Amino acid sequence: MRKKFLSVLLAGAMLFAVAAGCSSKKAGGKKIGVSMPTKSLQRWNQDGDNMKKELEAAGFEVDLQYANDDISVQVNQIESMINGGCKVLVIAAINGDSLGTVLATAKEKDIPVIAYDRLIMNSDAVSYYATFDNYKVGTIQGEYIRDQLDLDNAAGPFNIELFTGDPADNNANFFFSGAMDVLNPYIDQGKLVVKSGQKDFEQVATQGWKTENAQNRMDAIIAANYADGTQLDAVMCSNDSTALGVANALEANYTGKYPIITGQDCDVTNTKNMINGKQSMSVFKDTRDLAKQVVEMVKAIMDGKEVPVNDTKTYDNGVKVVPSFLCTPVFADANNYKTILIDSGYYTEAELAA
Ligand code: BGC
């Protein structure tokens, strides 16, 4: 009798141990595909590293791939993630419009897709979107220029030039309209003057967000409008890679007083430029927060729980409004970079040394 009781107890304990083992390893063996656009821009390396670290800490296996800014490479990589058994796909698209076909396959196989940072357009296969408040990024840049030039009080007029991002990146529209909703009233009043005349999104877009493309355009603008010593007061740049191109062109060919330059991302080179006075501000988007948020989404999906979102209205991809989680962007300049970038452990002091 006692023996029987003991063996029942033992069997129960074993069952419990197996069950506990299973739950602690719940995510074990579940593979998540993470598709990043390129290694050539600092932020995506950080995004990829953070995602991998966080997902692995949560017990997932990770297939992380970078597509070298080549759309067909990204499509192939996503195909291989689908065929390799990934249970969820996290994708920062190179071109928001070019993933429809491959994602249709994901949908057929019931693989949820999270658009990472950039919305994937015209596809009903996108389940969720995690990003920063992209419109707010632009607002912060526009308001900075407004306040620095004291546009509500100063007589002006002030000269400004405009640089935004890749037309195939839905974010670029949000950044640009966030900034221009602040600046346009002053342009309409004649207090801000775009001497080049290049004001429309298509005219001020920067193919591939590339530094050299922004630099070439700024070179041409300087030659045509500012080579005679005309003062340029501000350059609204939607991000750091374009701001870097503008700063390079100014350094090479502009002789007037250095203008206000905005940016976004707090890339190392640009943060150094802020410290040295070659860029006025940037918008810090803590990629660690975004990665954490996406991991929460992945866990909720895998556990069949409600997926955390905080915006169900803003991001219409042409087919559906994608439930989104928007993280908060933060203003950064030479005065606060130590607190937000170094004290928070994002960069070391040595990384930002000249
Ligand atoms: C991102 C920015 C980045 C840009 C260029 C955008 O989609 O939101 O942070 O600077 O792409 O890579």
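Whatever order the structure lists ligands and atoms in, that order sets their numbers, starting from 1. Predicted, not measured: the structure shown is a model, and the values here were computed from it. Side chains included, hydrogens not; waters and symmetry mates left out as well; all remaining heavy atoms used. We're numbering straight along the sequence, starting at 1.
Scanning for salt bridge (Lys or Arg N to Asp or Glu O under 4.0 Å) contacts around Lys320 gives an empty result, with sequence neighbours left out. Among residues two or more places apart in sequence or in another chain, the salt bridge (Lys or Arg N to Asp or Glu O under 4.0 Å) test is passed with Asp124 by Lys107.
Using a cutoff of 4.0 Å between basic side-chain nitrogens and carboxylate oxygens, Arg43 and Asp47 are scored as salt-bridged. Salt-bridge formation is not detected for the pair Glu161/Lys195: no Lys NZ or Arg NE/NH1/NH2 atom is positioned less than 4.0 Å from an Asp or Glu carboxylate oxygen.
Between Ser35 and the choices Leu64, Ile91, Val90, the side-chain contact (heavy atoms from CB on, under 4.5 Å) rule is met once, by Ile91.
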Using residues 289-301 as the side-chain source, report each donor-acceptor pair under 3.5 Å to any protein atom, sequence neighbours left out, with the distance given to one decimal.
none

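Annotation: ligand 1 has protein neighbours Leu41, Arg43, Trp44, Asp117, Arg118, Asp169, Asn171, Phe175, Trp209, Asn239, Gln264, Asp265, Lys285, each with a heavy atom less than 4.0 angstrom from the ligand.
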